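Numbering of residues begins at 1 and proceeds along the displayed sequence. Keep in mind the model is a prediction, meaning the values are calculated, not measured.
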Amino acid sequence: MANEPAPPRFAAVGAGRMGRGIAIAFAYAGHRIALIDLRPRTPEAWQRLRDEAQAEIVASLSSLAQLGVIDASQVERIAARVDFVNAAEAPRALAAAELVFEGVPETMEAKREAFEHLNRHCRDDAILTSTTSSILVTQLAALVRRPERFLNMHWLNPAYVIPVVELSCHPGTDAAVLARTKALMEAIGKLPVVCGASPGYIVPRLQALVMNEAARMIEEGAATAEEIDKATRYGLGLRFAALGVVEFIDFGGCDILHHASREMSVSLDPGRYTAPAIVGRMVEEGRLGLKSGSGFYDYAGRDTAAYRRDVLSRTLGELKHAGLWRAPADETLS
């Protein structure tokens, strides 16, 4: 026992797909992490789950190696940083964890049972998070012994690849806890973004609209799936990779969005395309974006020419990465 290593500082509760992805993200960054299964199981059932989780983690890392992102020799070393913890060993692992990710099934019953364990065994200064995609942080905070140290953290799949993690706080979340959580996530290469206790976070709320509209266009015969995907990958997606959605509004002009929304609300569906009141107010106030000096962002004192060059540089970078940028013709063609 004297030579037994201390439990990891990080713990993912729930050994399913999300827990495994989070485990890879921390292991990739050099950290040991406990992957905890709270469900009592027979030794045989636990071994099957452990073998399955370990095989998936190794397979995911092997895919990165096959793509040349990591060396094949690193796969086993990274995977070995994940400690598989069963229900009997969970109290010790939870007691040592500084940051805990709850990732059990998406029911209040499962969440309540999981947080009962966390409340009993986690240390007082631990930061607790839920990876739920459907239950509001304000609902879950009531289940936590120290709600000031609790927030939701929504990861985007694959969790070990996509940098953005969405941090959703409730009114009682301590600002210092949020700052510490952001710092820990940045330290493993993640890009935390903060949102309120609103359904859909940021990314799922936006992408649900886009995906539903794409399906509707196919249903209406407006375009094929192949043409829509080509347009989104190399038009919509490419531009939004270079410019954020709100930045894009300001860059083109809030008035453009206002007029385009009005036309589509008439010709397609007012429920889907009528612009929110904030857009109309901004147009009335002359806050059109970059061209007027203010919009959703304030451009006062900004070198707009340099900013436009930066946007062009970002866009060209995306085009070159996609292999779509062509050099100019050397000769004049007939």
Side-chain angles (χ1 to χ4, degrees), residues 154 156 162-168 182 186 190-196 198 200-214 216-217 222-223 227-328:
H154 180 240
L156 304 177
I162 305 300
V164 165
V165 288
E166 299 179 298
L167 310 184
S168 178
K182 290 174 67 176
E186 288 167 351
K190 292 301 178 180
L191 186 64
V193 297
V194 180
C195 59
S198 180
Y201 300 91
I202 298 171
V203 174
R205 185 167 170 176
L206 290 171
Q207 71 184 13
L209 291 174
V210 173
M211 292 189 293
N212 280 329
E213 197 62 23
R216 190 173 287 113
M217 291 168 70
E227 295 302 298
I228 292 171
D229 282 346
K230 189 188 302 181
T232 51
R233 286 188 67 189
Y234 303 118
L236 183 73
L238 188 145
R239 292 193 298 180
F240 284 150
L243 281 158
V245 174
V246 181
E247 187 183 13
F248 189 83
I249 297 172
D250 272 5
F251 195 80
C254 197
D255 53 331
I256 302 299
L257 174 61
H258 176 72
H259 296 310
S261 298
R262 185 178 58 196
E263 293 300 319
M264 285 192 288
S265 70
V266 171
S267 59
L268 287 172
D269 186 332
R272 300 205 311 272
Y273 288 102
T274 298
I278 189 175
V279 173
R281 288 199 306 269
M282 290 174 67
V283 171
E284 289 176 4
E285 295 166 3
R287 295 168 53 212
L288 306 181
L290 184 60
K291 59 189 173 186
S292 68
S294 70
F296 285 99
Y297 292 94
D298 184 4
Y299 300 93
R302 191 166 189 173
D303 185 339
T304 56
Y307 171 64
R308 289 183 183 278
R309 284 195 301 273
D310 179 54
V311 170
L312 178 60
S313 175
R314 288 184 245 165
T315 306
L316 289 173
E318 295 296 331
L319 282 167
K320 290 175 180 177
H321 176 73
L324 294 174
W325 181 252
R326 297 172 60 177

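- Atom CZ in Arg309 sits 9.5 Å away from atom OG1 in Thr304 (nearest 0.5 Å).
- Geometric assessment of Arg239 against the ring of Phe248 yields a negative cation-pi assignment under the 6.0 Å and 45° thresholds.
- Between Glu166 and Leu156, some side-chain heavy-atom pair lies under the 4.5 Å cut-off.
- Each salt bridge (charged side-chain N to carboxylate O under 4.0 Å, His left out) pair with one or both residues in residues 290-301, not counting sequence neighbours, appears once here: Asp255-Lys291.
- Within the 4.5 Å cutoff, the side chain of His154 has no heavy atoms near those of the Val203 side chain.
- Panel note: side chain Thr315, backbone Ala242; no donor-acceptor pair is recorded below 3.5 Å.
- Asn212 places a side-chain N or O within 3.5 Å of a backbone atom of Ala208 that can act as its donor or acceptor partner.
- Using a 4.5 Å heavy-atom threshold, the side chains of Arg205 and Ser198 count as touching.
- Ion pairing between a basic and an acidic side chain is recognised when a charged N comes within 4.0 Å of a carboxylate O; Glu284 and Arg281 show no such pairing.
- More than 12 heavy atoms of other residues, nucleotides or ligands sit less than 6.0 Å from atom CZ of Arg272.
- Note: Met211 CE to Arg216 CZ = 12.5 Å, rounded to the nearest 0.5 Å.
- With sequence neighbours left out, the ring pair (Phe, Tyr, Trp, His ring centres under 6.0 Å) criterion links Phe251 to no other residue.
- Salt-bridge formation is detected for the pair Glu247/Arg314: a Lys NZ or Arg NE/NH1/NH2 atom is positioned less than 4.0 Å from an Asp or Glu carboxylate oxygen.
- Checked by atom type and distance alone, the side chain of Lys190 pairs as donor or acceptor with a backbone atom of Ile162 at under 3.5 Å.
- From Leu268, atom CG reaches atom OG1 of Thr274 across 11.0 Å, with rounding to the nearest 0.5 Å.
- Environment of NE2 in His321: sparse, with no more than 12 heavy atoms of neighbouring residues, nucleotides or ligands closer than 6.0 Å.
- Evaluation of the ring pair (Phe, Tyr, Trp, His ring centres under 6.0 Å) rule for Tyr297 yields no partner, not counting sequence neighbours.
- Minimum interatomic distance between Pro192 and Glu186 (heavy atoms only, all atoms of both residues): CD-CG, 3.6 Å.
- Between Val193 and Tyr201 there is no side-chain heavy-atom pair separated by less than 4.5 Å.
- Taken from CG in Leu243 to CG in Leu238, the straight-line distance is 10.5 Å, to the nearest 0.5 Å.
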Are Lys182 and Val194 close enough, and set up right, to give a side chain to side chain contact (heavy atoms under 4.5 Å, CB included), and what steps lead you there? CA-CA 9 Å; Lys182 290 174 67 176; Val194 180; 4.2 Å; yes
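- Here the CG atom belonging to Leu312 is positioned 9.5 Å from the CG atom belonging to Leu319, to the nearest 0.5 angstrom.
- Residue Asp229 comes nearest to Thr232 through the heavy atom pair O-OG1, 3.1 Å, listed as atom of the first residue, atom of the second, then distance.
- Note that CG of Asp250 and CG of Leu257 are 10.5 Å apart. Values are rounded to the nearest 0.5 Å.
- Scanning all heavy atoms of the two residues, the minimum distance from Cys254 to Val279 falls at SG-CG1, 3.8 Å.
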